[in-house]
Every structure is written in C-alpha cells, then in structure tokens.
Amino acid sequence: MNNAQPCGYYKVLLDINLTTGEIKKIPIPRKDIENFVGGRGLGMKILWDRLKKPGIDALSPENPLMFMPGPFSGFPIPSASRTVVVTKSPATSPETSPYPHASTVSYSNMGGFLGPEIRFAGYDGIVITGKASTPAYIFIEDDRVEIRDAKPFWGMKTDAFDKTLIKELNNQRFQTCYIGPAGENLVSYACILHTTARAAGRGVGAVMGSKNLKAIAIKGTGMPNVADLPAFNKSLNDVRGVFKGITGGLLTDFWRKSGTAAALQVMSDDGLMAVKNYREGTFDAIEKINAKTAREKAWVRDFACYCCCLACKKSGVIKEGPYKTIVHDGPEYETGVMFGANLMISDFNGLMKAIYDGDDLGMDIISAGNVIGFLMEAYEKGYVTKSDLDGIDLIWGNVDAVLMMIDKINRRDGIGDLAAQGVKAISKQVGRNSEKFAIHVKGLELAAHNIHANPPRALCYATSNRGACHLSGDNIAHQNFVAAVDSLGLCLFASDHNKWMLPGISKSKMANLLTAITGIEWDADKLMETGERVFNLEKMFNLREGFTRKDDSLPDRFFTEPFTMGPEKGAKLDRGEFSEMMDTFYKDRLWDPKTTRPSIEKLEQLGLEFTI
Amino acid sequence: MKENSIASSHEPKTLLGSKPVSRREFISRLALGGSSLVLLTGCSRWVFPEPGATAREKIYEYIAVDYTKCTGCRTCEAVCSAFNNPVSVDGTMIPGPGNPALANIFVHSFNPDVSAPAVCARCADTPCVNACPVDPDPATGRRAIYQDKKYGTIINDPDRCISCGNCVAACSADSVGILAQHPETGRPMRMCTLCDGEPECVRHCPYEALSMIRVTDDHSFYRMSPEEIAEKLSARWYDFSA
C-alpha cells in the first residue's frame with residue numbers, strides 16, 4: 001500500500017485501449033488529485049488532457065470513456081455510492097462552430113455499488129479508449145484485467161443480460177454495468193445501466209457502444225488507506241448521526257416511502273412539471289401515476305445504494321392487465337414525468353411497461369420522453385403525418401404508440417432512425433419553426449422540471465455544461481456545490497442541499513471526512529472552490545469546441561406560450577428578465593457576458609492557466 | 001406490505017416477552033402485529049435447553065433478517081469488517097476502515113431485486129466441525145475448527161489447521177455456505193464472532209432489518225443458502241403469473 005500523502009487514493013488509473021488490447025496502470029499526478037479530487041472533477045481534467053484539440057468525434061475511438069469514483073467511494077460513508085461517467089458528449093452540438101463534431105463535456109452519475117467496487121479492485125478510475133474489433137466486455141478482478149469476448153451477448157436487452165452475465169461470471173459479488181441494444185445502435189441518448197435500473201444517461205451509452213464495449217464486470221478485495229483513522233471513525237459516526245433522530249430511527253422516511261416519485265404530485269400541484277411537451281406545468285391526471293398509486297399498484301420493495309440511509313430506489317411488479325408479471329422499479333420522478341405526464345399518459349401499468357422497455361433497451365428516458373413528446377406535438381399540429389411516423393398514430397396518451405416508438409428508436413427503424421438523433425436533429429428535419437417547441441439546450445433534451453414559473457431552474461438548464469441538465473445547480477453557489485459533491489463520489493441527495501426539508505451531510509462534514517481520509521487540510525470553502533474549478537474547466541472545454549453565448553439559450557416556448565391551466569396559469573418567462581439574469585450570472589462568475597469566456601483573472605485564481 | 005413490523009423493532013425482548021417462543025407462537029404473534037413478513041436466517045447461538053426440551057425445541061438466539069426492511073445497502077458488511085478487523089493506532093486497537101471483503105456477513109443481491117444477507121448459522125450439529133480431519137486435541141477435545149462453548153461461535157485454530165477446506169465444503173453442502181477459504185492461508189474465514197455478544201450489524205443497520213431474536217430452530221429458512229432464500233422471496237414478491 002502506498003502511504004505517501006494524499007492518502008485515500010491508490011493514485012492509479014486503469015487505462016484500457018480496446019484497439020490495441022493494451023492494459024496499463026497509470027499514475028495520477030498529486031496535483032490533479034489535490035485540484036480535482038476525483039469523480040467528475042478528475043474525469044474532466046483527464047478529458048482535457050486526453051483530447052488535445054477541439055472537434056473530435058464523440059463516437060470515435062479517441063474519445064475516452066471514464067468511470068470515475070471519488071475519494072469517498074469504498075468507504076462506508078452514507079451514500080458514497082456514485083460513479084461518474086465522464087466523456088465527450090455524443091448528444092450535444094453548438095449552433096455554429098468551425099468543427100463538425102463539436103460537442104460539450106458529458107458527466108453522468110449513477111448510484112449503486114460500482115464506484116465502491118472500482119476502488120475495492122484497486123483503482124481510482126477506469127479510462128477506456130479505442131474500439132474493440134468485435135464486441136467485448138472488460139473483466140476486472142483486482143489486478144487481473146481481461147478484455148473478453150461479448151459476441152454471444154451483443155443485442156441482448158439489459159434485464160436478460162444482467163442475469164446472463166452474472167451466471168457467466170459464476171459469482172454474485174461481481175458488480176456490472178452494461179449497455180443495451182440502444183447503446184449498440186448508437187442512439188445518441190443511450191445510457192449505461194447497473195443493476196438493470198440505475199443508469200448513467202445523457203448519451204454516455206452511445207460512446208460505450210461506439211467502442212464495441214458491451215459491459216464491465218468488476219470485483220475487488222482491497223481498500224484505500226486512511227490518513228487519520230481515529231478522526232475518520234469520529235467523522236463517520238458524526239455523519240451517520242445526521243440521518244438519525246434522537247431515538248435512533250432514520251429521518252429519511254420521505255425517501256424510503258416514495259423515492260423521487262414523491263415529487264410527482266408536488267411538482268404537478270405547484271405547476272413545475274413537464275406536461276404535454278412542456279406546454280403545461282400541471283397534469284390533471286397525476287393521481288393516476290403518482291407515488292401513492294405506484295405503492296398500491298406495483299412497488300414491493302425499497303432498495304438502497306452502498307451504505308446509503310435513503311433507499312430511494314423502488315422495485316415493483318405489474319400485477320394486472322396486458323403487461324402483467326413484468327418486474328421493474330416503476331416510476332421515479334424523471335421517468336414518471338417523461339413517459340407519463342409529458343406524453344399525457346395516465347395508464348399506470350402502461351407507464352410501467354414503457355419505463356421497463358426504455359431501461360431494458362438501455363435508452364435515457366428523459367431524452368426519449370422528450371423526443372416522443374415533440375413528435376406527438378408535431379403530429380397534432382400536422383407538421384408530421386401518420387406516414388412520416390410509419391403508420392403510428394402518435395396521439396397524446398397513446399401507450400401502444402409510445403411503445404412502438406421506443407422500439408423503433410432502439411432499432412433505428414424508419415422514423416426511429418431520425419428520432420434516435422435527439423429532438424434538435426428531428427426539429428431541423430421537420431422545419432416549419434418547430435424549433436420553438438423542440439425542448440433542448442445545446443442539443444440535450446430538458447428533464448422533467450418545467451420552467452415557465454421557475455427562472456432559477458431555467459438558468460440551470462441554460463448554463464449547465466453538458467446541455468440541459470436539471471441537476472447542475474440553479475445558481476453559482478449551487479453549481480459549484482454540485483460539482484464538488486460529484487467529485488467526492490457522494491450522492492447529491494445525501495448532501496444538505498435541501499436542508500430546510502431533508503437531513504443531509506453539510507460541506508464542513510464532507511471536508512472533515514476528506515481531511516481525515518487524505519491527510520490534507522480541507523474546509524468548506526476549499527471544497528466549494530474545487531467545485532468552481534471543475535465548473536470552469538468544463539466551460540473552457542466547451543468554449544474550445546466553439547460554443548458561444550447563443551448556445552446558452554432556451555426554446556421559444558417558455559417565453560411565448562404561457563401555461564393555460566393550473567396554479568401557475570399564465571406563467572411564462574420574460575425575455576428581458578432572463579437575459580438580465582444571465583448577464584448577472586456571467587458577471588458574478590467573472591465571465592465575459594458577451595462571449596461567456598472566463599476571465600484570465602478567474603482562471604488564474606483557480607489554477608486553470610493551462611486552459612488559456 | 002406494512003412498513004412497521006414489530007419483530008424487527010430494536011426491542012424484541014419487550015415485544016416478544018422474556019420467555020422464548022416457539023416458531024408457531026412467534027409467527028402468530030407476528031400476524032397479530034400486521035401482515036409483515038419476517039424471515040429468519042443465520043441462526044446463531046445456542047442458549048440453553050429448556051427442561052425436557054427435545055432437540056427440535058432447542059432455543060437459539062438468531063440474527064434475524066426482516067427481508068421487508070432490508071434494502072441491500074451492505075452497511076452490515078462494512079461495520080462487521082470494521083469491528084472484526086481492528087487496526088492498531090498508537091498502541092490502541094480501533095475499528096478498521098470497513099473493507100466488506102473481510103466481513104463475516106455477506107449481502108447477496110439478485111435480479112429480480114432481492115437482497116439476502118448471509119451469516120454463519122452456528123449450527124447445532126456443526127457440519128463444519130464434523131468435517132475437520134484433524135484429530136481432536138486430547139486435552140481439549142477440539143479439532144482445528146470447533147464450536148466455542150460461550151456463544152456457540154465457530155473458531156479456527158490456526159496452529160493446527162491444515163487448510164484442507166473440508167469445513168468450507170461442508171458449510172456449502174449442509175448449511176448457509178458462508179464459510180470461505182482465506183485466499184492466502186487457505187484457512188476458513190467468515191465465521192460470525194457475534195462481536196462479543198453485541199453484533200455490530202444489528203446495532204448499525206440503518207433500516208432496523210437485523211435483530212437478535214430467540215426462537216427454536218425448526219423454521220423454514222433455517223440454514224438456507226442465499227440463492228434458495230432469493231428464489232423463495234422472488235416467488236412471493238414478484239411472481240404474479242398465477
């Protein structure tokens with residue numbers, strides 16, 4: 001074991017080139033660890049280092065695909081379970097750029113057990129480049145790393161493959177992640193799944209597919225060292241206590257009871273939900289698909305990620321009707337809205353089936369629901385005809401039509417081939433000002449949070465570095481905070497970002513843990529500065545690709561078409577106010593409001609001179 | 001499924017009474033408490049035979065799992081490992097960082113989602129001990145693996161162990177299958193220590209899914225492998241084909 005500081009790291013990346021078959025352990029410079037910590041931050045630094053010029057095709061062998069745990073991963077810290085997949089996005093594009101393959105960074109974050117297991121196996125991250133000549137999967141058992149044949153599994157859906165791979169490995173203790181057919185077919189919003197329902201979305205599955213990589217299976221027996229074990233144990237007890245009441249019971253019943261699906265009712269009631277392709281903020285049939293209904297009709301069990309006290313993942317089964325016996329986790333907030341309210345679907349079991357299909361095929365349900373919502377509206381408006389849609393009667397609320405579309409997108413058959421390229425590409429093809437209701441930023445589809453009545457979330461979508469993202473923070477402080485949490489390997493839900501409502505780990509408690517683990521002094525401010533560094537590095541990457549302020553804009557719908565119903569009836573965004581809010585944002589970040597470029601002063605302050 | 005199960009509360013003694021209960025009585029009391037499903041695994045320590053009790057009615061203290069509460073988070077693995085693999089810091093032994101590979105309790109997760117924690121059953125008929133080929137010590141009567149009198153825990157004598165793996169094979173064939181050979185020494189590992197009578201896994205389970213309960217040993221999940229448990233639970237929870 002390497003006892004040199006910083007402790008808590010192996011200071012080793014597993015580097016796999018699928019073209020040459022070369023497998024290496026490469027050292028991570030101490031400076032990168034101190035400045036970028038791990039997870040999203042360290043991944044971004046490696047992405048910057050590896051892609052030395054702009055315009056490299058995200059689906060080319062050169063694009064590195066990284067699985068990045070953080071310094072918390074592997075330790076039994078509540079909810080230190082996340083793995084961040086970092087790569088160049090296959091789903092985004094600027095309005096104009098000198099580079100045909102220009103796109104943003106991508107970071108997508110999944111829970112479960114993968115990140116900890118990467119660290120048990122002895123690595124601080126896995127970097128995969130190249131392209132296997134035939135379908136392959138990567139087998140990792142501590143030091144033993146092999147590129148194995150996946151030809152027999154190519155084409156398999158994720159649920160069946162999850163079972164098959166574990167049988168093949170003959171050991172239940174392996175953690176696996178994999179793509180479905182959607183990733184193999186390079187659907188631009190394919191995802192990578194783990195435990196059949198935990199997903200890294202937003203297109204990273206297409207990058208994995210482009211490498212002919214079906215899966216990674218990993219198991220380890222090690223553990224990183226700790227600089228100050230007594231202090232670590234003390235901090236750990238302290239953090240565990242955050243989630244418990246005086247009598248010792250958990251304070252996290254909210255998560256256990258309904259998971260993120262609890263928000264289905266609330267967001268609809270408040271007029272904050274994506275409904276009917278973002279035309280409305282309230283879904284009048286929300287009771288039919290909310291958490292209460294899911295608990296009654298499907299949910300059987302609640303699950304947690306590694307050492308987590310929240311248990312927000314559900315597991316359910318369809319108990320009646322044509323899709324009876326299908327086992328899946330059922331609606332979360334995002335999946336429930338994007339395949340439910342956004343498509344006006346109120347048939348609960350139909351919604352379950354659509355979610356199951358989306359996950360089983362390995363596509364990002366946020367984007368898929370957005371794409372299908374756009375096509376439904378275009379069909380209603382007569383911009384596309386039934387024959388354009390290969391005979392599918394894609395009217396609002398039609399479950400069968402949605403299931404057919406999901407299947408077509410996956411196979412890239414007929415209209416599905418265009419739909420697999422995302423809503424921006426479809427809108428370009430459809431024309432007729434349809435970009436007004438093509439709901440994306442920088443080519444990435446918006447998530448299930450509507451913004452007519454939520455200007456901070458509008459700013460979040462417009463300025464997030466991976467395109468429209470609902471999780472990247474509603475203001476500067478929150479953006480930096482999220483980037484820091486994503487770099488630690490911790491789950492945002494277990495942080496205290498929502499402290500007025502839910503218990504969570506504060507910045508200073510995170511810093512205490514990190515100090516004890518690494519032996520380097522950390523405090524809340526330094527953690528926030530790290531988040532800011534990561535956010536600015538991502539921005540510099542995007543600028544190098546040719547993104548401009550024009551790309552930080554929102555579709556017309558939010559400014560021109562007010563809600564016609566619900567508590568926020570009449571709400572819309574004001575162009576002047578939005579533009580002013582954005583100006584202030586750039587100025588406060590010490591970025592040039594015209595170009596959105598960070599000032600030299602800011603870059604130097606953050607130690608990002610190398611990007612200038 | 002009701003959320004609040006009496007049996008998984010941290011106060012089994014007051015709820016179940018101080019007198020040990022038979023399985024039937026135990027289950028019927030559960031039924032009164034709601035439709036909660038408490039299944040027992042990893043039975044543990046032999047306590048004392050009631051006067052006149054038959055073999056089947058021996059009373060055990062079990063690490064019982066309420067599968068409706070277990071979320072598969074594996075906190076039990078980490079805290080077990082931390083306690084049972086202490087580290088010396090400035091001459092004091094303190095809990096280690098909690099490497100789950102060194103834990104004596106293993107959570108097995110399946111698709112469809114079922115999580116089945118497995119822990120040494122401290123079986124009364126000790127198949128692992130019986131399988132040991134080392135001659136009993138004339139002074140103590142112990143083989144290289146033996147059952148401790150105090151807690152009924154299974155203990156390996158590293159000085160006499162010949163690393164044959166017979167005990168591991170016997171555990172796999174006749175019981176939970178938790179025992180494994182140490183990758184380097186070949187000696188048996190993952191025998192539950194009961195943490196000196198106060199199991200860390202029970203104390204730290206965030207969902208209060210683990211508890212020590214006294215029951216007799218004739219329940220249907222006794223010594224079952226995680227695979228068998230998963231199959232049963234999967235059928236119970238997810239099978240709506242009928």
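Just so you know, these numbers use all the heavy atoms, side chains as well, and skip hydrogens, waters and symmetry mates.
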S.K.: Got a donor-acceptor contact below 3.5 angstrom from the D302(A) side chain to the T71(B) backbone?
M.R.: no
S.K.: Of the non-hydrogen atoms in P76(A) and P97(B), which two are nearest, and what is the gap between them?
M.R.: CD-O, 3.3 Å
S.K.: For the NZ atom on K292(A), are there more than 12 heavy atoms of other groups (residues, nucleotides or ligands in this structure) within a distance under 6.0 Å?
M.R.: no
S.K.: Of the backbone (N, CA, C, O) and the side chain (C-beta and beyond), which part of C305(A) lies under 4.5 Å from a heavy atom of chain B, both, or neither?
M.R.: backbone
S.K.: Donor-acceptor pair, distance only, cut-off 3.5 Å: does the side chain of Y207(B) make one with the backbone of A304(A)?
M.R.: no
S.K.: Specify which of V107(B), N99(B), V87(B), I94(B) makes the most heavy-atom pairs with chain A at under 4.5 Å.
M.R.: N99(B)
S.K.: Using heavy-atom distances under 4.5 Å, tell me whether E296(A) contacts chain B through its side chain, its backbone, both, or neither.
M.R.: neither
S.K.: Kindly give the heavy-atom pair with the smallest separation between V327(A) and Y238(B), and that separation in Å.
M.R.: CG1-CD2, 3.6 Å
S.K.: Need one label for T92(B): side chain, backbone, both or neither, based on atoms under 4.5 Å from any heavy atom in chain A.
M.R.: neither
S.K.: Heavy-atom cut-off 4.5 Å, strictly under: side chain, backbone, both or neither for T221(A) against chain B?
M.R.: both
S.K.: Measuring heavy-atom distances to chain A, does P100(B) have an atom under 4.5 Å in its side chain, in its backbone, in both, or in neither?
M.R.: both
S.K.: Would you name the heavy atoms of Y306(A) and G98(B) that are closest together and state the gap between them?
M.R.: OH-O, 4.4 Å
S.K.: Counting heavy atoms not belonging to K319(A), are there more than 12 under 6.0 Å from its NZ?
M.R.: yes
S.K.: Below 4.5 Å from any heavy atom of chain B, which atoms of D329(A) appear? Answer side chain, backbone, both or neither.
M.R.: neither
S.K.: Is there a donor-acceptor pair under 3.5 Å between the side chain of D162(A) and the backbone N or O of N111(B)?
M.R.: no
S.K.: Which atoms of I77(A) are under 4.5 Å from chain B, going by heavy atoms: the side chain, the backbone, both sets, or neither?
M.R.: neither
S.K.: Please state whether the side chain, the backbone, both or neither of F113(A) comes within less than 4.5 Å of a heavy atom of chain B.
M.R.: side chain
S.K.: Determine yes or no for a side-chain-to-main-chain donor-acceptor pair under 3.5 angstrom, with R240(A) supplying the side chain and P206(B) the backbone.
M.R.: no
S.K.: Quick one: do R256(A) and E208(B) make a salt bridge, cutoff under 4.0 Å?
M.R.: no
S.K.: Taking NZ in K324(A) as the centre, count heavy atoms belonging to other residues, nucleotides or ligands within less than 6.0 Å. Is the count above 12?
M.R.: yes
S.K.: Rounded at 0.5 Å granularity, tell me how far SG in C73(B) sits from NZ in K313(A).
M.R.: 14.0 Å
S.K.: Do you know the tightest heavy-atom contact between V89(B) and P230(A)?
M.R.: CG1-CG, 3.9 Å
S.K.: Please state whether the side chain, the backbone, both or neither of V114(B) comes within less than 4.5 Å of a heavy atom of chain A.
M.R.: backbone
S.K.: Step by step, would you call Q172(A) with F106(B) a side chain to side chain contact (heavy atoms under 4.5 Å, CB included)?
M.R.: CA-CA 11 Å; Q172(A) 208 70 36; F106(B) 261 25; over 6 Å; no
S.K.: Under a 4.5 Å cut-off applied to non-hydrogen side-chain atoms, are S315(A) and W237(B) in contact?
M.R.: no
S.K.: Highest number of heavy-atom pairs under 4.5 Å with chain B: which of L229(A), T325(A), I166(A)?
M.R.: L229(A)
S.K.: In terms of heavy-atom pairs under 4.5 Å with chain B, which of G316(A), C308(A), G74(A), A197(A) leads?
M.R.: C308(A)
S.K.: Could you look at F120(A) and say if it's the side chain, the backbone, both or neither that has a heavy atom under 4.5 Å from chain B?
M.R.: side chain
